[in-house]
J.: 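Okay, handing you the structure first.
Here is the naming used below: chain letters follow the sequence lines, and residue numbers restart at 1 for every chain.
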Number of protein chains: 2
Amino acid sequence: MAASTLAQVAQLAGVSPATASRVLNGSARIPGPEVAERVRSAANELGYVANAQAQSLARSSTGLIGLVVHDIADPYFSTLARGVQDYARGAGKMVLLASTNGTPSEEREAVAAFAARRAEAIIIAGSRSTQAQDQQANKELASEIQRYCRFGGSVAMVGATFPSLAEMPEVRVLKVPNFDQARELAQSLLRIGYTSFRIVAGPQGLVTSDHRVAGFHDALAQSGISSARVSRVEFSREGGYEAGLSIAAELQDQPSPSATGTECIFAVNDVMAMGVIAGLLERGVRVPDDVGVAGFDDVETLRDFRPSLTTAQLPLELMGAQAVALALGSIEDDPLRSVVGHVMLRGSTRSSETEQAT
Amino acid sequence: MAASTLAQVAQLAGVSPATASRVLNGSARIPGPEVAERVRSAANELGYVANAQAQSLARSSTGLIGLVVHDIADPYFSTLARGVQDYARGAGKMVLLASTNGTPSEEREAVAAFAARRAEAIIIAGSRSTQAQDQQANKELASEIQRYCRFGGSVAMVGATFPSLAEMPEVRVLKVPNFDQARELAQSLLRIGYTSFRIVAGPQGLVTSDHRVAGFHDALAQSGISSARVSRVEFSREGGYEAGLSIAAELQDQPSPSATGTECIFAVNDVMAMGVIAGLLERGVRVPDDVGVAGFDDVETLRDFRPSLTTAQLPLELMGAQAVALALGSIEDDPLRSVVGHVMLRGSTRSSETEQAT
DNA sequence: CTGTTAGCGCCTTCAC
DNA sequence: GTGAAGGCGCTAACAG
């Protein structure tokens, strides 16, 4: 670990450390053109690599950005991470990654670790949970964040926040149109002829899931439909799969199969929708012939899935970039601005033709 | 940015910084039980968070692990990243992420940045390129790595390395059975009755792609088949898609459609295979009825894809963990050990039934 | 068991 | 333009 130091370089070049420092990272004072060369070649000869830790300490600024996600292997988060990473590099920062499995306590640890490393900003992505069992951990997370902010750190959260955080003005939040897009998605589905709905949601209390459910319900209510059965399952492919299996069973037991083709299942995210479809297919229920399925997010890796998934698109990568910009203060925290999404009607729901025929 | 310091805590507690340090992170010397409490409450009161930068400097060890991947949004890398992250956390380390778009020069920058931050280990994933245009950048990457190693850093590469690096004994490499698994995959495909093959590969010179192609060819040659057409396209979904389109055209122009069902396309990774299938379908070629398709990697997000993809499974997450362990020296660098993969025959290739019928 | 003294490697006034 | 101090926050010998 005996990396060479600035002092060594300076000595080899026959100058003071101060001068060496000035040429090796361009300060205001411009060193002599010929001296500079000497220093540079000395540095090169010794294979000198500035110690960023020491630099950070000295100038008290680390160039580090912390990213907290539930699961980096999940396409939602990994796409977001790409946006974060790209933007960060553009701004000359490095990103520290923490994948927390979604537990608030691990998130707290991650924030604490980032704070210890004096990250300049922390991006927290992934849905909050308002479940009773998480209250305590949430509080602790909140106070960890608060402490971090109090000492000059800035944090941006992607999407919904939770009560304890709601009153923290230091925390920027990148608003994600979960409610609105779910609402629009429902409206689109109604427009193409669906008259009956089921919702496959995550556990109650998971904010993102709840907002999407609420938005969807809102649109239905507006159309006079009040009865969308909601299945609460794990917020994952597995959860969707199980929901798919049991819905298939229900559908097949149904005395009146008259509803065939007019019922649609809304899974609150694409990965769950995948599971739902897999479960349905496993039981012989066809999509979209027997029942339609819609997701949320528009995950790119699933683009070629058949039937292609009707979903609400979110600009994941852009969101990552914006979150960093927000935290860094590169863009203003305009309370009105929100990420913009788009409803994508595709093959997993009945086609427009069917609509016209209906 | 005025985080409180150890000195402040010490003062408030009425002890020396040394003592404060001892209680706040448990050194060998165990401070007095009652003094400890004073320090702890002082720290708590001030919201003290140790400055990891300063700690690293003082004890010259950072607890940082650098991960460089081509594209963190690609499921191959994000799954690997999960493994890296999990293992790292278990070992009490943090991971620094760099997503480089696969260009050697950006990889070099990433390694340099990690070296500057004094990361204890660097994991480099993603295929090398031996193309002429990359030679220079490769060399620079190699020397960057060399320098890093010379000063005590340890690096692990996942999968194939490249010439300039081959002679660097300091670099551990996690051997990935690209050749062998491609070979086994081909054998399995032959066994279920395919007699004619096409390969959709990445650009020539991309080591991973080349190895997979070579392994596949090897098995074919052993069975007396020497003519597998190889399409060279981009190493991505888009590349696969274009290959799919043109293969579809060729297949349809083919005077003798007798081969229907006995030809199989091997795409060198799952994401490309997705693209291939999409291209084929777009032109009305059915999979696996008209032609079989196989991929490589067994990406989890694509598990529910229909037809389910025949592929060679790689334990991506485990690989990430092993790479870290290897770099950290937690496991020996056994030149014989290799990651173990499995051929997964699934719906995108003809079923065994068809085989028996043939 | 606790306090003192030196640095870790670098940056940054401040004089020259 | 260049060098000489002092300090960033913490740890690690040393003494007591």
Side-chain angles (χ1 to χ4, degrees), chain A residues 1-40 42-43 46-64 115-120 151-153, chain B residues 1-40 42-43 46-64 115-120 151-153:
Chain A
M1 203 47 78
S4 52
T5 76
L6 221 200
Q8 294 172 24
V9 174
Q11 182 172 6
L12 207 177
V15 296
S16 76
T19 304
S21 169
R22 291 195 261 257
V23 14
L24 260 25
N25 56 48
S27 79
R29 311 258 138 273
I30 314 152
E34 176 263 351
V35 176
E37 188 44 43
R38 264 205 341 263
V39 173
R40 238 182 292 276
L46 267 54
Y48 172 74
V49 176
N51 185 327
Q53 310 277 337
Q55 290 185 144
S56 303
L57 226 204
R59 47 187 177 216
S60 59
S61 93
T62 61
L64 251 25
R117 293 229 128 83
R118 298 299 188 263
E120 292 169 7
F151 289 138
Chain B
M1 203 46 81
S4 53
T5 76
L6 186 65
Q8 293 173 23
V9 173
Q11 182 172 6
L12 207 177
V15 296
S16 76
T19 303
S21 169
R22 292 195 262 258
V23 14
L24 259 26
N25 55 49
S27 78
R29 310 259 137 273
I30 316 152
E34 176 263 352
V35 177
E37 188 44 42
R38 264 206 340 262
V39 173
R40 238 182 293 276
L46 267 55
Y48 173 73
V49 177
N51 185 326
Q53 310 277 337
Q55 291 184 145
S56 303
L57 226 204
R59 46 187 179 217
S60 59
S61 94
T62 60
L64 250 26
R117 292 228 128 82
R118 298 299 188 263
E120 292 169 7
F151 290 137

J.: Take the protein atom CZ of A/Arg117 and the nucleotide atom P of D/dG9, then report the distance between them rounded to whole Å.
T.: 17 Å
J.: What is the distance from CG of A/Leu6 to P of D/dC8, rounded to the nearest Å?
T.: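 It works out to 19 Å between those atoms.
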J.: Identify which nucleotide among D/dC8, C/dC8, C/dT2 has an atom closest to any side-chain atom of B/Leu57, counting heavy atoms from C-beta outward.
T.: C/dC8
J.: Looking at D/dA12, C/dT2, D/dC10, which one has an atom nearest to any side-chain atom of B/Arg59?
T.: D/dA12
J.: Let me confirm one number: the CG-CG distance from A/Leu6 to A/Asn25, rounded to the nearest 0.5 Å.
T.: 8.0 Å
J.: About how many Å separate CD of A/Gln11 and OG of A/Ser4, when rounded to the nearest 0.5 Å?
T.: 12.0 Å
J.: Of the nucleotides D/dT2, C/dT4, D/dC10, which has the atom closest to the B/Ala18 side chain?
T.: C/dT4
J.: Considering only side-chain heavy atoms of B/Arg22, which listed nucleotide, D/dT11, C/dT2, C/dC10, is closest?
T.: C/dT2
J.: What is the distance from CG of A/Leu24 to P of C/dT12, rounded to the nearest Å?
T.: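 A/Leu24 atom CG is separated from C/dT12 atom P by 14 Å.
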J.: What nucleotide, of D/dG3, D/dC10, C/dG3, holds the atom closest to the side chain of B/Asn51?
T.: D/dC10
J.: Run the side chain to side chain contact (heavy atoms under 4.5 Å, CB included) check on A/Leu24 and A/Val39 step by step: do they pass?
T.: CA-CA 8 Å; A/Leu24 260 25; A/Val39 173; 3.8 Å; yes
J.: Among the candidates C/dC11, D/dC10, C/dG3, find the nucleotide nearest to the side-chain atoms of B/Gln55.
T.: D/dC10
J.: Does C/dT2 have its OP1 or OP2 closer than 4.0 Å to a side-chain nitrogen or oxygen of B/Ser16?
T.: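 Result: no.
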J.: Choosing from D/dC10, D/dT2, C/dG3, which nucleotide comes nearest the side chain of A/Thr19?
T.: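 That would be D/dT2.
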J.: Closest-nucleotide mapping onto DNA chain C: is B/Pro17 or A/Val49 further toward the 5' terminus? I mean the 5' end.
T.: B/Pro17
J.: What is the distance from CD of A/Gln53 to P of C/dC10, rounded to the nearest Å?
T.: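 After rounding, the reported distance stands at 11 Å.
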J.: Is there a side-chain contact between B/Val15 and B/Arg22 in this structure, where contact means two heavy atoms from C-beta onward sitting under 4.5 Å apart?
T.: no
